[in-house]
Amino acid sequence: MPQLFEEFKGRDLIKQSTVELDRLKTILNGDPISVYAGFDPTKPSLHVGHLIPIMILSHMQKAGHRPICIVGGGTAMIGDPSGKDSMREMLTNETLENNVRGIRGQLSKFIDFSNEKALLINNYDWLGFENYIDFIRRIGPHFTVNRMLAAECFKIRMEKGLSFLEFNYMILQAYDFYTLFMKYNCQLQIGGDDQWSNIIAGVELIRRIEGKEAFGMTNPLLTRSDGKKMGKTEGGAVWLDPELTSPYDYYQFWRNTADSDVVKFMKIYTFMSLDEIAKFSSLSGEELNSAKEILAYEATKIVHGTIEADKAREAAKNIFSAGNIADAPGVEIPAGEVIGETVSALCVKAGLFSSKGEAKRMIEQGGLSMNGIKVTDPLKIIDNTDINKGLITLKKGKKVFLNIEIS
RNA sequence: GGGUCAGUGUCCGAGUGGCUAAAGGAGGCAGACUGUAAAUCUGCUGGCGCACGCCUACGGUGGUUCGAACCCAUCCUGGCCCA
């Protein structure tokens, strides 16, 4: 088993570090430390885009370190301007609390929070009670505006306008790091490379106030080989919450990975050993198709567990290989709302298309099959002969399957 | 606070009184080819019993006009310049 640093290197998880690599190596491979990453609770669920830091924390915990997850109830009220060209919507307290709760549950699938082996902290605990005058007198002198303005993360906003509110985000995140450093002796902050400015701000703050050294490390920001942002699909983000993205869809997301990304994703998004992954790197072309299955299975397993991953894999096999679509996702619709309806109306009701107009277009273009037969007439009326054993199976395009259960 | 420019569909962005459901691009969806891949080519891409019709839409509200995304007033939001 390779040591942590080698593991990270092998998985291409290190982009920038505040110290030279050989020092980083002794830190990562050395005595247990506390390591922190922040998550913005702007949504009730994390999505695939959040996964890299989570995986890093998970690896670190396995190597004996202690992860600290900050769910930024305090900072989310500000909104991180990094990489955004417009100001973020402000959130109400209730949605924030709700979001924090959801995220906590998801993190615990990757990180063991029992017996304080890892901590989950809301930075509102301290940010919420700071006195403004007090705060700026204590922290303010350590930052110069000119330095801050030079930071990469503010650059794009210098054109479009940056509110003072958002400008403070960096300071608050630095203060988070400082607080954790003082309270928990947290020495390392990790995050996406877009967090680099915020991370070094924290490192500097600690050095200035305490004269002590803390470290920062970033992971590369992943774009898929087709240049699209990770974790976004037609339907929006791919969520970790099974209510928002079903395990089946989650599996399908990974299953549809581009050839050129398969090995890269295995390294980052699964716990498969590097040796094991190496076997796949020599594959090319059609052979890679089976590697995608493994990637999808492993990635799904981590988030949704073995049982759901098995189910998703089975369902996918049955649907795509055996042509048996009984395992496809299903919706239940009362018989009265099915018989006598047009196909287009049924599809809309089942959520396959968002409007009848769209359904009609798709059908006219040959994009819909019902019970395995291509539908050509959008106004076709559904009758009893279309129902097999209480089911109508619909297929949109090549790979979106839906069973309508008639109740 | 003063001056000035801007706010258009998922996003970017044209349009500056009727020819505008609104150019173009991106994104998305679908068809063909495939390996549940990529690339490529093609079609579609506000809603509705959706060929001809109706409704909703160009920051909000009110107005001018036979007719407004486009003109006027006012408000909101933002940029830039000045204080």
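- Contact check on A/Glu130 versus A/Arg138 returns a salt bridge, with a Lys/Arg side-chain nitrogen under 4.0 Å from an Asp/Glu carboxylate oxygen.
- The list of ring-ring contact (aromatic ring centres under 6.0 Å, His included) pairs with a residue in residues 322-365 of chain A, not counting sequence neighbours, is empty.
- The pairing partner recorded for B/A38 is none, the criterion being a Watson-Crick or G-U wobble arrangement whose two distances lie under 3.5 angstrom.
- Two rings, from A/Trp254 and A/Tyr269, have their centers less than 6.0 Å apart.
- A side-chain hydrogen bond (donor to acceptor under 3.5 Å, both in side chains) with A/Lys292 is found for one member of A/Thr257, A/Asn256, A/Asp259 and no other, namely A/Asp259.
- The distance from atom CG of A/Leu288 to atom P of B/A39 is 16 Å, rounded to the nearest whole Å.
- Residue A/Glu287 contributes atom CD, which lies 17 Å from atom C1' of B/A38 at whole-angstrom precision.
- Pairing for B/C54 is with B/G47, a Watson-Crick or G-U wobble pair whose two hydrogen-bonding atom distances lie under 3.5 Å.
- Across every strand in view, B/G78 sits in a pair with B/C5 that passes the Watson-Crick or G-U test at under 3.5 angstrom.
- Across all strands shown, B/G67 forms no Watson-Crick or G-U wobble pair with both key distances under 3.5 Å.
- In this structure, A/Lys395 atom NZ and B/U36 atom P are separated by 11 Å, rounded to whole Å.
- If you check every strand for non-hydrogen atoms under 4.0 Å, A/Ala316 touches a base.
- In the region residues 293-311 of chain A, proximity to RNA chain B at under 4.0 angstrom, judged on heavy atoms, holds for none of the residues.
- If A/Leu368 and A/Arg255 are placed on RNA chain B by their nearest nucleotide, the residue sitting closer to the 5' end is A/Leu368.
- Between the side chains of A/Asn289 and A/Arg255, at least one donor-acceptor pair of N or O atoms lies under 3.5 Å.
- To the nearest angstrom, C1' of B/A37 lies 14 Å from NZ of A/Lys264.
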Let me have a per-nucleotide readout for nucleotides 44-50 of chain B, 5' to 3', with B, S or -, counting only protein heavy atoms under 4.0 Å. SS-SSSB
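- When the P atom is used for both B/U20 and B/G53, the distance is 14 Å, rounded to whole Å.
- A salt bridge does not link A/Lys264 with A/Asp12: every distance from a Lys NZ or Arg NE/NH1/NH2 to an Asp or Glu carboxylate oxygen is 4.0 Å or more.
- Evaluation of atom-type donor-acceptor distances gives a pair under 3.5 Å for the side chain of A/Lys398 against the base of B/U34.
- The pair A/Asp386-A/Lys380 meets the salt-bridge criterion, since a charged nitrogen lies less than 4.0 angstrom from a carboxylate oxygen.
- Under a 4.0 Å N-O distance rule, the pair A/Lys311/A/Glu314 does not qualify as a salt bridge.
- One can place CG of A/Asp259 at 11 Å from P of B/A39, the figure rounded to the nearest angstrom.
- B/G35 atom P lies 25 Å from atom CH2 of A/Trp254, rounded to whole Å.
- Salt-bridge formation is not detected for the pair A/Arg313/A/Glu308: no Lys NZ or Arg NE/NH1/NH2 atom is positioned less than 4.0 Å from an Asp or Glu carboxylate oxygen.
- Both A/Arg313 and A/Val400 lie near RNA chain B, and the one whose nearest nucleotide falls closer to the 5' end is A/Val400.
- A/Ser321 comes within contact range of no nucleotide atom at all, as no heavy-atom separation falls under 4.0 Å.
- The C1' atoms of B/C55 and B/A37 are separated by 43 Å, rounded to the nearest whole Å.
- Across all strands shown, A/Lys396 has heavy atoms under 4.0 Å from sugar-phosphate atoms exclusively, and none from any base.
- Aromatic rings of A/Phe320 and A/Phe401 (six-membered ring for Trp) have centroids within the 6.0 Å cut-off, being under it.
- A/Asn318 has its CG atom 15 Å from the P atom of B/U36, to the nearest Å.
- The shortest distance between the side-chain N/O atoms of A/Lys399 and the OP1/OP2 oxygens of B/U34 is not below 4.0 Å.
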